[in-house]
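Numbers restart at 1 for each chain; the letters A, B, ... are given by sequence-line order, proteins then strands. Excluded from the calculations below are hydrogen atoms, water molecules and symmetry mates; all remaining heavy atoms, backbone and side chain alike, are included.
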Amino acid sequence: MKGDELYALLRRRGVLWPTAEIYGGAQGLYDYGPLGAKLKRRIEEAWTAWFVGLSHDYYLIEPAEILPEAVVRASGHLENFTDPEVTCENCHQAFRADTILEKVRPEGVDGLTPEQIADIVHEHRVRCPNCSSTALSVPKPFNLMFGLDFGVTGRERVYLRPETAQSSYLSFPRMWDVGRKALPLGVAVVGKAYRNEIAPRQVLFRMRAFTQTELQIFFDPSHFPLPFGRVRDESLPVVRAARRLAGSEEVEHVRAEELVSAGALPDFYVFHLVHSYHFFRDVLKLPADRLRLLEKSDQERAFYNRIQFDIEANLESLGGFKELGAVHYRGDYDLGRHGQGSGRDLSVTQTGGRSVLPHVLELTGGPDRYLWAVADLLLAQDGDRTVWRLPPYLAPVTAGVFPLIPKAHRAYALRLADELAAAGIDVQYDDAGTIGKRYARMDEAGTPFCVTVDGETVSDGPNRDTVTVRDRDSKTQERVPVASLSAHLGASTRSPRPARA
RNA sequence: GCGGGCAUAGUGUAGUCUGGUUAUCACAUAGGCUUGCCAAGCCUAUAACUCGGGUUCAAAUCCCGGUGCCCGCACCA
């Protein structure tokens, strides 16, 4: 489906819509409706079950979304997360450097250092557009973080976090104690991050307020024990950086073991790369032939990332491969920076007396993007019907409950819907229109099962107190006793966990 | 942020060039009749010119600005 077509469908069905729509919307902000809120929550729960389930040393925490200035200074966000901006010392108005230099330098200022921009301003005697003063400052970066006034005086500077990762790094000393002083130690966060993006676009792919699912694993680089044998033979659809530099974006299917032995990647990295890939393939059920693991070259990745593969999905709605998540080997950059920033040595002493500043392996991604991918890849036309083939554990509604003939079967069906809801099944009762229409509505919402109360259900015959259960994907029906219905429907609502035994 | 394009009921649209009666049609939604296991039919109802300003006797239509969306570039530590 094309992007605007898909977005229109999602809006119509109440999956999501723009924030403050009646005021014309707000760029980069979206609200999730009933189907979207539930679907997103289920995606987040499936993510947590999968990744925290990788090891008994991995934990979920929920840190605050606001960070003191010292934190973002240490992390580098204050200086790097920016666009150059010039201020007038005379009237104190601020202007973007590229705007103010439009006439003398139409090609823009990208790639120039603040000093070089200042030289151009000086050389051309550029004046302030507001007061004509030449007292223009050396360009200061325009910050892509949302700053807030904090405390009673409002003078304390704080920021909405631009990524959840920092929160996890800050938690490390505390988690070191809580986790019984052992490495590796995994800290997972599912939470909001905020970026004042210049050009929010593509709906859920570039938002100003979005959710991240991140697992930060702290480990001793000389000793990271894990059951690599379990993933040894798994094949991964990779595009290596070297091949890309040689001009080919073609996917190679490479066994995990080969990536370690011939590909020079550490086994702990490949182990987590395999599980990240499997999350998209086996948990979100995205088609394998639409996924690839794209290695970032030295030039592309951030300087502190030693290894980076992006996990990308080929999305028709967005015209190609888009990043859903990534696995970053960040070395000891983060704890080193926060060690300096806080003045507290974050290295730890393990049993046996070995002292180490832990390295970080980061598994990151965004559930907003997962949701869009799940819509793009699993929501499709099948003849004249639209079917959202969500796995049952992600579906916002597990079962629709219908009376075949409302007049005759409404009371029974309503009672059944209440009973199922009380048993913890997400059901939706519907008696509007024809039975075919109700099935179609449920297909479009991704509901895997439809329960229909018919004449036989309420008769005295052999099928008394049985209902038909119709399967979304096969459209086949089976007759199930009402007594075993909640067990029947509930069986498929648990999301997959990684193999541990 | 730059350049280009676009904006009419819940969705998709006609009408805009060339200003002029009650803004077209389909689907969707709600109610009724009928039917009763895969979006059937008939009747009825709900529902829109993105916002602000200007030109004009008269603006969905022309002009200016805001906002939002799409595409390209840039950005995405």
Side-chain angles (χ1 to χ4, degrees), chain A residues 2-5 7-14 17-29 33 72 75-85 95-99 102 106-111 141-145 162-163 165-166 195-203 205-208 210 300-305 308 310 317-319 322-323 326 328 330 333-334 337 366 382-387 400 402-409 431-444 450-456 467-472 474-477 479:
Chain A
K2 302 266 291 179
D4 20 357
E5 216 177 310
Y7 182 33
L9 174 59
L10 296 178
R11 265 177 304 170
R12 179 165 58 76
R13 288 309 308 247
W17 53 74
T19 296
E21 218 175 351
I22 61 170
Y23 285 95
Q27 241 184 61
L29 299 179
V72 292
S75 68
H77 287 93
L78 206 50
E79 46 181 314
N80 292 328
F81 226 58
T82 52
D83 262 355
E85 195 172 77
F95 309 94
R96 287 179 51 101
D98 53 356
T99 312
E102 212 161 20
E107 69 270 34
V109 298
D110 292 330
F142 159 73
N143 208 282
L144 290 172
M145 289 188 293
E163 61 176 20
Q166 299 308 321
R195 295 180 189 179
N196 198 8
E197 295 284 358
I198 298 174
R201 216 175 263 192
Q202 297 188 314
V203 196
F205 265 70
R206 186 84 65 82
M207 300 197 289
R208 289 196 165 130
F210 60 103
E300 289 171 314
R301 59 176 194 260
F303 66 92
Y304 48 75
N305 272 339
Q308 173 177 351
D310 283 356
S317 60
L318 300 179
K322 290 285 169 181
E323 178 190 349
H328 300 147
R330 302 175 60 121
Y333 175 79
D334 302 290
R337 292 285 297 213
D382 174 17
D384 58 352
R385 62 180 196 139
T386 307
V387 191
F402 314 143
L404 183 60
I405 303 171
K407 271 182 200 148
H409 312 129
D431 63 16
T434 61
I435 190 79
K437 230 170 189 178
R438 293 176 231 155
Y439 285 147
R441 272 193 285 259
M442 288 297 164
D443 287 343
E444 199 177 65
C450 289
V451 172
T452 302
V453 173
D454 61 13
E456 297 183 42
V467 290
T468 60
V469 177
R470 176 257 196 189
D471 179 79
R472 176 194 64 204
S474 66
K475 291 164 73 175
T476 56
Q477 295 184 12
R479 201 157 260 286

Taking C-beta and beyond as the side chain, do A/Val451 and A/Thr468 meet within less than 4.5 Å on heavy atoms? no
Using Watson-Crick or G-U wobble geometry with both distances below 3.5 Å, tell me the partner of B/G65, or none. B/C51
For B/U67, take OP1 and OP2 only and decide whether either is under 4.0 Å from a side-chain N or O of A/Gln27. no
Under-4.0 Å side-chain N/O to phosphate OP1/OP2 contact, A/Arg12 with B/G12: no
When you check the phosphate oxygens OP1 and OP2 of B/A40, does a side-chain N or O of A/Thr434 lie under 4.0 Å from one of them? yes
Could you check if a side-chain atom of A/Arg208 sits within less than 4.5 angstrom of a side-chain atom of A/Arg195, using non-hydrogen atoms only? no
Checking all strands, does A/Pro200 fall into the base, sugar-phosphate, or nothing category for heavy-atom contacts under 4.0 angstrom? nothing
According to the interplanar angle, ranging from 0 to 90°, do the rings of A/Tyr333 and A/Phe303 count as parallel (below 30°), tilted (30 to 60°) or perpendicular (above 60°)? perpendicular
More 5' along RNA chain B: A/Lys475 or A/Tyr23, using each one's nearest nucleotide? A/Lys475
Distance in angstrom units between A/Arg441 CZ and B/A30 C1', rounded: 11 Å
Does any N or O donor sit under 3.5 Å from an N or O acceptor when you compare the side chain of A/Arg470 with the base of B/C38? yes
According to the Watson-Crick and G-U wobble definitions, with both distances under 3.5 Å, which nucleotide is paired to B/A74? none
Return the nucleotide paired to B/A40: Watson-Crick means purine N1 to pyrimidine N3 with N6-O4 or O6-N4, wobble means G-U with N1-O2 and O6-N3, both under 3.5 Å. none
When rounded to whole Å, the CG to P distance for the pair A/Asp4 and B/G5 reads 18 Å
For B/C70 and B/G36, measure between their C1' atoms and round to the nearest Å. 45 Å
Check every strand shown and say whether A/Asp454 touches a base, only sugar-phosphate, or nothing at a heavy-atom separation below 4.0 Å. base
